[in-house]
Amino acid sequence: MKFFLLLSAIAFCWAQYTPHTNPGGTSIVHLFEWRWADIALECERYLAPNGFGGVQVSPPSENAIINNPPRPWWERYQPISYKLCTRSGNEDEFKDMVTRCNNVGVRIYADAVINHMCGSGVSAGTNSTCGSYFNPGSKDFPAVPYSHWDFNDGKCKTGSGDIENYTDPYQVRDCRLVSLLDLALEKDYVRSKIAEYLNHLIDIGVAGFRIDASKHMWPGDVKAILDKLHNLNTSWFPEGSKAFIYQEVIDMGGEPIKGSEYFGNGHVTEFKYGAKLGTVLRKWNGEKMSYLKNWGEDWGFMPSDKAVVFVDNHDNQRGSGAGGASILTFWDSRLYKMGVGFMLAHPYGFTRVMSSFHWPRYFENGKDVNAWVGPPNNDGEIKEVTINPDTTCGNDWVCEHRWRQIKNMVAFRNVVDGQPFTNWWDNGSNQVAFGRGDKGFIVFNNDDWSLFVTLQTGLPAGTYCDVISGDKSDSNCTGIKIYVSSDGKANFSISNSAEDPFIAIHADSKL
Ligand SMILES: *[C@@H]1O[C@H](CO)[C@@H](O)[C@H](O)[C@H]1NC(C)=O
Ligand SMILES: *[C@@H]1O[C@H](CO)[C@@H](O)[C@H](O)[C@H]1NC(C)=O
Ligand SMILES: *[C@@H]1O[C@H](CO)[C@@H](O)[C@H](O)[C@H]1NC(C)=O
Ligand SMILES: *[C@@H]1O[C@H](CO)[C@@H](O)[C@H](O)[C@H]1NC(C)=O
Ligand SMILES: *[C@@H]1O[C@H](CO)[C@@H](O)[C@H](O)[C@H]1NC(C)=O
Ligand SMILES: *[C@@H]1O[C@H](CO)[C@@H](O)[C@H](O)[C@H]1NC(C)=O
């Protein structure tokens with residue numbers, strides 16, 4: 001019994017629930033479709049100095065080259081082999097990125113596409129990012145190798161072979177997701193090939209994985225793969241550390257498959273979070289920010305210590321995935337900054353910031369016909385992320401994580417880490433405020449009239465720089481100053497027509 005307790009204590013300490021970010025790095029950023037060389041530079045020049053804990057990178061495994069439409073972003077979700085060879089770079093570049101990011105204390109989380117290989121309709125040949133031969137018709141992927149024995153078609157009972165009915169969990173797990181060839185994950189051989197791939201990434205130094213399409217895999221099959229994983233590389237992680245796992249499960253509440261089925265394996269993406277926050281900030285269905293007083297589990301969300309949260313992700317920012325038109329994105333930048341600000345100030349969940357590329361968004365009959373468009377490129381080759389003199393990005397990279405308001409709220413979350421949710425105030429409408437113990441305070445005005453109010457902040461007396469309208473710089477503020485008196489109270493004035501109708505102050509923004 002004692003032995004058992006000791007083992008579970010160790011398992012608990014280093015389990016797959018720890019993101020392994022450095023202290024003072026409480027958020028990660030998804031650098032969607034970036035090249036490994038640019039991520040390595042971004043870790044050194046921007047993410048480490050600004051307190052980002054880690055980066056979710058696009059799938060590193062070789063994928064099918066799709067020419068119709070030309071080089072869509074989603075081709076990276078159609079693996080051909082587990083060679084580290086994509087439009088983002090080759091294995092040497094991947095290793096260089098992981099090493100350099102780890103050396104400045106920024107962790108790398110790889111997007112692991114292990115539910116399936118490429119679509120059944122892709123032509124056989126060598127049009128793959130590393131030139132490996134594959135034949136979807138005969139289900140032959142010699143570069144792994146997988147053969148037709150390693151796929152699920154025998155188990156799937158639908159006429160098309162695809163998932164037709166999401167209320168049938170057997171179809172969702174055993175049939176093809178939009179025609180993608182579905183791996184037979186109950187086979188030890190398939191589990192071993194996947195584990196070999198993930199172990200290769202672990203040995204190089206990644207800190208964990210986003211497990212793509214987890215809902216389409218049985219939780220027990222995912223567990224069997226995770227049980228084969230190495231501990232993290234001791235060059236950067238304590239002995240016995242396990243990979244941080246977060247599983248992509250879209251559970252909006254209307255289907256039999258629940259996110260909670262996957263808690264035994266690690267964290268789970270909470271898709272209700274961004275969908276609900278978007279509805280509130282857009283004031284749809286009569287929703288108001290004052291309702292956010294009990295934001296978190298009371299809204300039907302999963303337990304905070306299992307949730308990975310985000311305002312938008314690479315799928316639902318372009319209308320696929322979950323949440324529909326309520327999802328806030330960089331296209332609605334004013335509300336988006338408020339949404340990301342709220343997320344980073346609020347204690348619920350493990351936070352992921354999105355960093356996107358522009359595409360020629362164009363709606364026909366309510367549908368974005370250009371949602372497929374891939375990253376900025378020259379003849380298919382991904383363009384470099386260039387940095388402008390004002391620190392924004394060029395070449396059509398949006399770089400939301402470099403927007404002052406978002407960058408400064410990432411720092412706010414680091415400063416208030418571990419502090420309780422305190423001093424909530426609302427006006428019964430869309431003016432709200434809350435604190436994080438004696439370390440931080442934030443005020444929002446999403447009403448159509450101006451706010452002038454005196455609030456208890458919980459902060460020590462002093463002059464603070466608002467980190468939304470500006471920065472603290474050379475012992476001065478480039479934006480609004482907030483004066484907290486000795487009783488912790490401060491006046492806040494926010495015009496409804498302000499560029500950003502919210503104010504945030506914290507211990508490190510005090511003059
Ligand atoms: C392979 O891709 C190239 C362009 O990258 C295209 O011209 C060619 O038609 C493709 N071949 C096949 C068999 O699809
Ligand atoms: C979908 O699957 C569920 C559960 O198996 C079943 O009750 C329902 O009738 C199915 N719906 C259709 C349209 O086949
Ligand atoms: C861990 O990383 C170091 C540095 O890149 C490397 O030399 C070492 O081989 C790695 N360890 C394992 C077990 O692969
Ligand atoms: C908050 O909104 C209410 C209406 O719900 C309004 O009467 C009140 O003046 C507002 N409070 C402030 C501080 O502006
Ligand atoms: C601080 O900045 C303000 C403008 O933002 C300026 O008017 C003031 O002179 C500055 N104070 C000092 C001490 O530099
Ligand atoms: C807030 O404003 C009121 C009147 O406008 C003023 O009397 C009070 O001193 C101010 N409080 C602080 C902390 O600045």
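All values derive from a computational prediction rather than experimental measurement. Atoms within each ligand, like the ligands themselves, are counted from 1 in listed order.
For atom 12 (C) of ligand 6, the candidate residues are I482, V484, N491; the nearest heavy-atom contact is made by N491.
Residue contacts with ligand 2 for N165 involve side-chain atoms from C-beta outward but no N, CA, C or O (heavy atoms, distance under 4.0 Å). Contacts between C477 and ligand 5, counted as non-hydrogen atom pairs separated by less than 4.0 Å, involve the backbone only.
N491 and T454 share a donor-acceptor pair across their side chains, judged by distance under 3.5 Å alone. For the residue pair E400/S356, the side-chain donor-acceptor check at 3.5 Å is satisfied. A donor-acceptor pair shorter than 3.5 Å cannot be found between the side chains of D111 and S58. Counting only N and O atoms by type, the side chains of D447 and S429 include a donor and acceptor under 3.5 Å apart. For the residue pair N152 and D182, a side-chain donor N or O sits within less than 3.5 Å of a side-chain acceptor on the partner.
Listed by atom number, the atoms of ligand 2 under 4.0 Å from T167 heavy atoms are 1 (C), 2 (O), 3 (C), 4 (C). Heavy-atom proximity to Y483, at under 4.0 Å, picks out these atoms of ligand 6: 13 (C). Of all the atoms in ligand 6, the ones that sit under 4.0 Å from a non-hydrogen atom of K489 are 13 (C).
Within a 4.0 Å radius of atom 4 (C) of ligand 5, the protein has no heavy atom. Protein heavy atoms are absent from the 4.0 Å sphere centred on atom 7 (O) of ligand 5.
When only interatomic distances are considered, the shortest N/O to N/O separation between N476 and ligand 5 falls below 3.5 Å.
Here the side chain of N115 pairs no donor or acceptor atom with the backbone of A213 at under 3.5 angstrom.
Using a 30° and 60° split on the angle between ring planes, F421 and F434 fall in the tilted class, from 30° to 60°.
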